[in-house]
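Once you've had a glance at the structure underneath, I'll fire off some questions.
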Amino acid sequence: MKIATYNVNGISSRLPVLLRWLNETQPDVACLQELKAPQEKFPEEALKEIGYSAIWHGQKSWNGVAILTNGEPAKERCRVLPGDAEDEHSRYIEAEVNGLIIGCLYLPNGNPAPGPKYDYKLSWMDRFNAHAAELIKGGTPVILTGDYNVIPTGFDVYKPERWTEDALFRTETRESYERIIAQGWTDAIRKLHPTEKIYTFYDYFRNAYGRDAGLRIDHFLLSPNIVDRLKAAKVDRHVRGWEKSSDHCPVWIEID
DNA sequence: ATGCCCTCTTTGAGAGGA
């Protein structure tokens, strides 16, 4: 089973690229982030025409997440991250697919840091940590994937010294991410490619893609009981070079 | 240090992204 994640940066503007990528790579499941569209503007029919069902949680202007499946719709478990009834951002949707729990997340950016946006990021991460711990306890195999907006190590960014004060790379951000990992989660890309330079995001500025000046911020975390089934983990880097591309690359894994 | 580019929106210039 092939499971992908793709921060589309606006599903309306991205629809041609999204359809081309789905047709060419045929993931069984695709988790999308940054729909930037209200619930009723989601292109359900266009996706259905190429064989994909969807569950999604839209929001006007910002955020928005979806889980696409090739065939039957995913069985939704929740569409908000538990832990804060006041939080209105559409940043998390979770479903059961083929006996797996799949969580699709768009973790807050958090810049500028420090400040209220950074505080929101850290509190969101605390809630995410708590939810991840519950999922591991539940015993069902889990995949948590999406745009984490976290650069895990200096090896995951083209020039780490430029990013030390950025919300994606600050010490507190990395420490919070490390606390999730310490629960027993496995970073699928690094498990299979421990020493390879791999990026999933390239800024639109300064020809970042052409210079390979990227960040690795889109991740797959696997619960302990599914790690042995991991067969492949890759970035569709070339998609970033397409006309009208998102600033993120699709990333995918293959599970037995 | 800042803008760069791209997306969204009360279609303007501003906010947000990372």
Side-chain angles (χ1 to χ4, degrees), chain A residues 5-21 31-43 56-66 87-92 104-122 124-125 128 145-174 176-177 189 197-219 235 237 239-251:
Chain A
T5 183
Y6 189 18
N7 178 323
V8 293
N9 187 17
I11 197 165
S12 303
S13 299
R14 206 67 56 219
L15 190 58
V17 162
L18 174 63
L19 295 175
R20 176 180 170 193
W21 168 69
C31 296
L32 308 182
Q33 305 87 34
E34 276 209 89
L35 304 178
K36 290 185 169 180
Q39 189 71 10
E40 66 275 13
K41 290 277 178 63
F42 185 86
W56 69 97
H57 188 188
Q59 184 175 339
K60 191 172 138 185
S61 307
W62 323 121
N63 312 315
V65 284
D87 184 3
E88 295 188 338
H89 293 205
S90 297
R91 295 182 176 274
Y92 188 76
C104 168
L105 64 128
Y106 175 45
L107 203 147
N109 174 305
N111 279 306
K117 291 191 174 176
Y118 192 58
D119 294 342
Y120 175 66
K121 176 177 194 151
L122 293 177
W124 204 95
M125 291 183 82
F128 183 65
T145 187
D147 178 359
Y148 279 71
N149 272 317
V150 174
I151 302 166
T153 74
F155 188 57
D156 298 305
V157 49
Y158 66 102
K159 200 170 269 196
E161 63 274 18
R162 290 267 178 89
W163 291 81
T164 51
E165 294 310 311
D166 192 279
L168 279 64
F169 193 55
R170 294 186 112 219
T171 303
E172 282 170 283
T173 305
R174 283 185 281 152
S176 182
Y177 180 78
I189 287 274
K197 186 175 76 172
I198 296 172
Y199 302 135
T200 67
F201 168 88
Y202 298 92
D203 212 310
Y204 286 122
F205 306 162
R206 295 172 296 245
N207 187 32
Y209 176 66
R211 296 185 298 122
D212 201 30
L215 316 173
R216 192 174 73 91
I217 54 176
D218 300 87
H219 308 302
V235 178
R237 187 184 183 281
V239 174
R240 179 63 181 82
W242 289 355
E243 195 83 15
K244 294 278 285 174
S245 150
S246 169
D247 40 8
H248 290 252
C249 306
V251 187

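Since the model is a prediction, treat every value here as computed from it, not as a measurement. Convention: sequence-line order gives letters A, B, ...; per-chain numbering from 1.
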Are any protein N/O atoms closer than 3.5 Å to N/O atoms in nucleotides 11-17 of chain B? If there are, list each pair with its distance.
| residue | atom | partner | partner atom | Å |
| --- | --- | --- | --- | --- |
| B/dG16 | OP2 | A/K117 | NZ | 3.4 |

Sub-3.5 Å donor-acceptor pair from the side chain of A/S245 to the main-chain atoms of A/R240, do we have one? yes
Notebook entry, point to check: With sugar-phosphate meaning primed atoms plus P, OP1 and OP2, does A/K244 contact a base, only sugar-phosphate, or nothing at under 4.0 Å between heavy atoms?
Noted result: sugar-phosphate
message = I'd like the P distance from B/dG3 over to B/dG14, given in whole Å.
response = 13 Å
Pull out every protein N or O sitting under 3.5 Å from an N or O of nucleotides 1-3 of chain B, one pair per line with the distance.
| residue | atom | partner | partner atom | Å |
| --- | --- | --- | --- | --- |
| B/dG3 | O6 | A/R206 | NH1 | 3.4 |

- Taking atom CD of A/E161 as the centre, report whether more than 12 heavy atoms of other residues, nucleotides or ligands fall under 6.0 Å from it. yes
Determine whether the side chains of A/R237 and A/Y202 contain a donor N or O and an acceptor N or O closer than 3.5 Å.
-> yes
Per the under-4.0 Å heavy-atom filter, residues of residues 150-171 of chain A near DNA chain B come out as A/L168
**Message:** Looking at A/R211, I'd like to know if its CZ atom is crowded, meaning that more than 12 non-hydrogen atoms belonging to other residues, nucleotides or ligands lie closer than 6.0 Å.
**Reply:** yes
Those residues at least two apart in sequence (or on a different chain) that pass ring pair (Phe, Tyr, Trp, His ring centres under 6.0 Å) with A/F201 are A/H248
- Task: Could you please spell out the steps behind the side chain to side chain contact (heavy atoms under 4.5 Å, CB included) verdict for A/L105 and A/W124?
- Result: CA-CA 11 Å; A/L105 64 128; A/W124 204 95; 4.0 Å; yes
Of A/G10 and A/L215, the one whose closest nucleotide on DNA chain B sits nearer the 5' end is A/G10
Distance between C1' atoms of B/dT7 and B/dG12 (Å, rounded)
15 Å
C1' atoms of B/dA15 and B/dT10, separation to the nearest Å: 14 Å
In whole angstroms, the gap separating P of B/dT9 from CD of A/Q59 amounts to 11 Å
With sequence neighbours left out, the residues meeting ring pair (Phe, Tyr, Trp, His ring centres under 6.0 Å) with A/F169 are none
Rounded to whole Å, the OH-P distance (A/Y120 to B/dA18) equals 13 Å
Taken to the nearest whole Å, CZ/A/R240 to P/B/dC5 is 13 Å
Pair A/Y177, A/H219 - check ring pair (Phe, Tyr, Trp, His ring centres under 6.0 Å), show working. CA-CA 11 Å; A/Y177 180 78; A/H219 308 302; 5.6 Å; yes
Discussion item. Could you tell me if A/D218 and A/T200 have a donor-acceptor pair between their side chains, going purely by distance under 3.5 Å?
Written reply: yes
Original post:
P atom, B/dA18 versus B/dA13: distance in rounded Å?
Top reply: 26 Å
Rounded to the nearest 0.5 angstrom, the OG1-CG distance for A/T173 and A/N149 is 9.5 Å
For a quick check under 3.5 Å, do A/D87 and A/Y120 share a side-chain donor-acceptor pair by atom type?
yes
Across all chains, not counting sequence neighbours, the side-chain hydrogen bond (donor to acceptor under 3.5 Å, both in side chains) partners of A/R91 are A/N63, A/H89
Rounded to whole Å, CZ of A/R211 lies from P of B/dC4 at a distance of 16 Å
Heavy-atom nearest nucleotide on DNA chain B taken for A/K60 and for A/P108; more 5' hit belongs to A/K60
Taken to the nearest whole Å, CZ/A/R14 to P/B/dC5 is 16 Å
